[in-house]
Engineer: 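Let me give you the structure first, and then I'll get to my questions.
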Amino acid sequence: MHNFFKTSIIALALAALTSGCATTSAHVMDATPQSTRRHEVRGNFPYKGERLTFDARHVATKASLADAFVQVGYENKMDDGTRYIPIVANATSKSIVRLFAKLDDRAEVYIDPDTWESIYSYKHLNENDRDREYSVWFWNDENLASVERTSKGHTVKRDYTVPVGTMDSMAWVYWVRSLDLDVGKTYSWFSFDGWTINKIDLKVVAVEDVWTPIGFFKSKKFEIWRERSQPITPHGALSGAFIDPARKVEVKSYHLASAWIGVDERRTPVRLVVSTGIGEFDLLLKNVEDNVAWTGE
């Protein structure tokens, strides 16, 4: 069970995009197709004040390992006048589990209130005293993300070229919730969390009833596939053209997780089952709150 905490619970709750699953690496070149999503005005963000709480369990043992929650704040402004909506997620291992596997993870993302684009994200992963911090600034006009990573007292700063429309994974979850996706179809996006560019394929496979501690949810079932890559920084400039940078694929697309999102008006995330090298982990919704006061904690 100790090895489980090498995988971030925060990442699991947010579609497991940073999961350290066992896969086969294949270094190939991939020219990304041109994206059409740039500064699309989405309008009012409907999830302000929402708080979701999940229980994380190991599927084989049924052991409850951690509590995780995601909370959305309200519109605010930075010192330079930039408007944003904050979203924060926390995960903490439960008291008995903490005796041998301590976990305290936190993730934040600031999104644009109009376009829902990612502006800034932060992650602090503290798992059995393995302490890491990631800060990412998204420069959406330039297809660029600036990263500052700190681990073991050592800080690295680097710029990454990213495809048009790339989001933080937490922002991506809310983007998906806003869409009415059709059963039988596959949809694709890019996410970036400071260490790899993820091409996410979301396959809508069925409509099912899912039991939770707060009742049954009629839900759409999704299969999540993930491709991991690193950007190839272009030389020179392409004047007047927005062309996604080429990427070097490090891990070909593989099945990462199954997810269920309710077909209720808010499309509530209900369940996530993540495959890892040491088995499956199940995050199940156990509480939903609306209009929660924002504390930033």
Engineer: Check each of K248, R247, K252, K199 against E227 using the salt bridge (charged side-chain N to carboxylate O under 4.0 Å, His left out) test, and report the only one that passes.
Structural biologist: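 Checked K248, R247, K252, K199 against E227; only one passes salt bridge (charged side-chain N to carboxylate O under 4.0 Å, His left out): R247.
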Engineer: For a 4.5 angstrom cut-off between non-hydrogen side-chain atoms, does E108 reach S121?
Structural biologist: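 In short, these two side chains do not touch, never coming nearer than 4.5 Å.
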Engineer: Do S258 and W260 make a side-chain contact, defined as non-hydrogen atoms from C-beta onward lying under 4.5 Å apart?
Structural biologist: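 They are in contact (side-chain heavy atoms under 4.5 Å apart), so the answer is yes.
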Engineer: Any side-chain heavy atom of D55 within less than 4.5 Å of one from L283?
Structural biologist: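 No; the side chains remain at least 4.5 Å from each other.
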Engineer: Does the plane of the ring in F138 sit parallel, tilted or perpendicular to the ring in F192? Use 30° and 60° as the thresholds.
Structural biologist: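 If you compare the ring of F138 with that of F192, the planes turn out perpendicular.
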Engineer: Starting at CG of D290, measure out to CD of E50 and round the result to the nearest 0.5 Å.
Structural biologist: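 Between atom CG of D290 and atom CD of E50 there are 6.5 Å.
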Engineer: Can you list the steps and then say if V164 with N143 is a side chain to side chain contact (heavy atoms under 4.5 Å, CB included)?
Structural biologist: CA-CA 6 Å; V164 174; N143 290 11; 3.4 Å; yes
Engineer: Can you find a heavy atom in the side chain of E250 that is under 4.5 Å from one in the side chain of S229?
Structural biologist: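 With C-beta onward as the side chain, the pair stays apart.
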Engineer: Decide whether R226 and Y254 meet the rule of one side-chain donor and one side-chain acceptor closer than 3.5 Å.
Structural biologist: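 Judged by distance alone, the side chains do pair up.
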Engineer: For the residue pair S188 / D201, report whether a side-chain donor-acceptor contact shorter than 3.5 Å exists.
Structural biologist: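 Present: a donor and an acceptor within the cut-off.
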Engineer: I'd like to know if K286 pairs up with D67 as an ion pair, taking the criterion as any Lys NZ or Arg NE/NH1/NH2 lying under 4.0 Å from an Asp or Glu carboxylate oxygen.
Structural biologist: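 Salt bridge present between K286 and D67.
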Engineer: Could you go through the side chain to side chain contact (heavy atoms under 4.5 Å, CB included) check for I85 and V72 one step at a time?
Structural biologist: CA-CA 8 Å; I85 295 173; V72 183; 3.9 Å; yes
Engineer: Contact between Y134 and T150 at the side-chain level, heavy atoms closer than 4.5 Å - yes or no?
Structural biologist: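 Counting from C-beta outward, Y134 and T150 never come under 4.5 Å.
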Engineer: With a 4.5 Å limit on heavy-atom distance, are the side chains of E133 and Y122 in contact?
Structural biologist: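 SC-SC contact between E133 and Y122 confirmed.
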Engineer: Look at the rings of F45 and Y174 and say which category their plane angle falls in: under 30° parallel, 30 to 60° tilted, over 60° perpendicular.
Structural biologist: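 Correct class here is tilted.
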Engineer: If you measure only the distance, is there a donor-acceptor pair under 3.5 Å linking the side chains of S135 and Y120?
Structural biologist: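 Indeed, the side chains of S135 and Y120 share at least one donor-acceptor pair under 3.5 Å.
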Engineer: Answer yes or no: is there a side-chain heavy-atom contact under 4.5 Å between V147 and D159?
Structural biologist: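 Side chain of V147 against side chain of D159, heavy atoms only: no contact under 4.5 Å found.
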Engineer: Output the distance between atom CG (L285) and atom CZ (F54), rounded to the nearest 0.5 Å.
Structural biologist: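 Here the rounded value is 5.0 Å.
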Engineer: Just by distance, no angles: are the side chains of R42 and S178 close enough, under 3.5 Å, to form a donor-acceptor pair?
Structural biologist: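 Note: R42 and S178 side chains meet the donor-acceptor criterion.
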